[in-house]
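Note that these values count all heavy atoms, side chains included, but never hydrogens, waters or copies made by symmetry.
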Amino acid sequence: MRFSELNLKLPDWVEPFLANYDEDFTTTKQRMRLVIDLSRENFKQATGGPFAAAVFDLDSGILLNCGVNLVESVGCSVAHAEIVALSLAQKSLGSYDLSQTDRRCQLITSTEPCAMCLGAICWSGVRSIACAARDEDARKIGFDEGDKPTGWVTTLTNRGIAVERDVLREQAADVLKNYAGSGGIIYNPKSSGD
């Protein structure tokens with residue numbers, strides 16, 4: 001047993017997938033298309049749940065790093081797509097605080113953040129977040145998104161983090177439904193007592 005190692009390596013399919021991805025990332029919708037495609041591919045490849053996220057340079061649209069849900073493959077409950085994307089972006093930019101780099105960073109996520117990821121976003125240094133599917137879309141297929149404050153958008157805005165919701169929501173919600181319909185594992189499901 002190792003006590004000092006956690007490998008947040010992206011699955012082997014991600015790099016070739018990105019290399020063959022022919023899209024400009026000028027707009028938030030273009031960035032979101034990539035993230036939704038990553039979320040779909042993650043469950044098709046059986047490397048995790050139907051969630052993906054990416055960190056972009058807000059001004060240039062350059063992809064800085066991405067993440068897919070690795071909860072099952074890594075065996076770690078905190079390996080959500082947002083955590084993976086933020087961690088890898090921080091590693092590649094050399095700072096645990098993305099606001100201390102020469103980039104204005106934007107987090108694009110296929111589903112609104114759960115309670116845990118919301119906390120990580122607050123401390124990550126991103127300046128903007130865009131979400132596709134809503135919290136209720138994930139809950140509808142059985143995922144427990146945790147106890148998130150109802151005013152979470154205002155909380156982020158008050159911290160200087162702009163929030164855009166429902167960017168290509170229908171497409172992202174379809175990925176969630178397809179995942180559930182294909183028998184995908186709903187880990188940490190909402191308990192019946194809630």
Side-chain angles (χ1 to χ4, degrees), residues 23 25-43 48-59 61-71 78-90 98-99 103-180 184 186 188 190:
E23 180 77 60
F25 301 124
T26 306
T27 70
T28 300
K29 281 187 178 181
Q30 291 168 320
R31 297 169 196 177
M32 187 62 76
R33 275 190 206 95
L34 169 66
V35 168
I36 292 170
D37 289 345
L38 284 167
S39 70
R40 184 181 302 107
E41 193 65 21
N42 196 43
F43 94 75
F51 305 100
V55 177
F56 290 87
D57 182 296
L58 185 58
D59 302 313
I62 293 171
L63 175 63
L64 301 173
N65 225 311
C66 64
V68 293
N69 179 281
L70 300 174
V71 169
V78 300
H80 288 199
E82 296 92 334
I83 302 290
V84 173
L86 291 168
S87 298
L88 294 176
Q90 290 165 342
L98 295 172
S99 70
R103 308 279 188 164
R104 287 185 342 118
C105 294
Q106 178 185 42
L107 177 68
I108 305 285
T109 183
S110 64
T111 304
E112 290 179 341
C114 70
M116 174 186 67
C117 293
L118 180 61
I121 290 165
C122 290
W123 294 313
S124 69
V126 296
R127 298 291 188 213
S128 168
I129 175 175
C131 313
R134 289 246 177 157
D135 182 89
E136 59 253 34
D137 298 324
R139 289 181 191 275
K140 192 180 291 183
I141 66 165
F143 281 102
D144 180 359
E145 297 297 284
D147 299 325
K148 213 164 62 172
T150 54
W152 68 272
V153 172
T154 302
T155 299
L156 289 181
T157 303
N158 290 342
R159 288 177 168 266
I161 303 169
V163 178
E164 188 175 355
R165 300 169 81 187
D166 300 330
V167 179
L168 304 178
R169 178 183 179 186
E170 191 173 310
Q171 291 94 319
D174 283 345
V175 172
L176 295 173
K177 289 178 210 166
N178 291 336
Y179 177 79
I186 307 296
N188 295 341
K190 182 175 174 140

Query - Reference residue Val55; test side chain to side chain contact (heavy atoms under 4.5 Å, CB included); the match among Ser87, Cys105, Ser124 - result: Cys105
Query - Euclidean distance, Thr111 OG1 relative to Glu145 CD, rounded to 0.5 Å - result: 7.0 Å
Query raised in the report: Does Asp147 CG have over 12 foreign heavy atoms under 6.0 Å away?
Result: no
Query - Given Gln30, Arg31, Arg33, the one that forms side chain to side chain contact (heavy atoms under 4.5 Å, CB included) with Ile108 - result: Arg31
Query raised in the report: After noting the C-alpha distance and the side-chain angles of Arg165 and Glu136, does the key distance pass the salt bridge (charged side-chain N to carboxylate O under 4.0 Å, His left out) rule?
Result: CA-CA 13 Å; Arg165 300 169 81 187; Glu136 59 253 34; 5.4 Å; no
Query raised in the report: When you measure from the side chain of Asn158 to the backbone N and O of Thr155, does any donor-acceptor pair fall under 3.5 Å?
Result: no
Requested in this report: Using the side chain to side chain contact (heavy atoms under 4.5 Å, CB included) rule, take Leu156 and Leu118 through it: C-alpha gap first, then chi angles, then the decisive distance, then the call.
Outcome: CA-CA 9 Å; Leu156 289 181; Leu118 180 61; 3.9 Å; yes
Query raised in the report: Quick one: CH2 on Trp152 to SG on Cys122, what's the gap to the nearest 0.5 Å?
Result: 10.5 Å
Query raised in the report: Do the non-hydrogen side-chain atoms of Ile62 and Arg103 ever get within less than 4.5 Å of each other?
Result: yes
Query raised in the report: How about His80 and Leu70: do any of their side-chain heavy atoms sit closer than 4.5 Å?
Result: no
Report task. Using the side chain to side chain contact (heavy atoms under 4.5 Å, CB included) rule, pick out the option among Asn69, Val175, Val68 that qualifies with Pro50. Result -> Val175
Query raised in the report: CD of Glu23 to CG of Asp37: how many Å apart, nearest 0.5 Å?
Result: 8.5 Å
Report summary line: The reported gap from CE in Met116 to CD1 in Ile121 (rounded to nearest 0.5 angstrom) is 10.0 Å
Report task. Return yes if some donor-acceptor pair links the side-chain N/O of Lys140 with the main-chain N/O of Leu176 below 3.5 Å, else return no. Result -> no
**Report entry** From CG (Leu98) to CG (Asp57), nearest 0.5 Å
**Finding:** 11.0 Å
**Report entry** Any side-chain heavy-atom pair of Leu38 and Ser110 under 4.5 Å
**Finding:** no
Query raised in the report: Under a 4.5 Å cut-off applied to non-hydrogen side-chain atoms, are Asn178 and Phe43 in contact?
Result: yes
Requested in this report: Kindly compute the distance separating CG (Leu63) from CG (Leu34), expressed to the nearest 0.5 Å.
Outcome: 6.0 Å
Report task. Give a yes or no on whether the backbone of Cys131 and the side-chain of Glu112 come within a donor-acceptor separation of less than 3.5 Å. Result -> no
Report summary line: Shortest non-hydrogen pair, Asn65 vs Ala85, comes out as CB-O, 4.4 Å
Query raised in the report: Is any side-chain heavy atom of Met32 less than 4.5 Å from a side-chain heavy atom of Gln171?
Result: no
**Report entry** Check: Ala53 main-chain N/O paired with Thr109 side-chain donor or acceptor under 3.5 Å
**Finding:** no
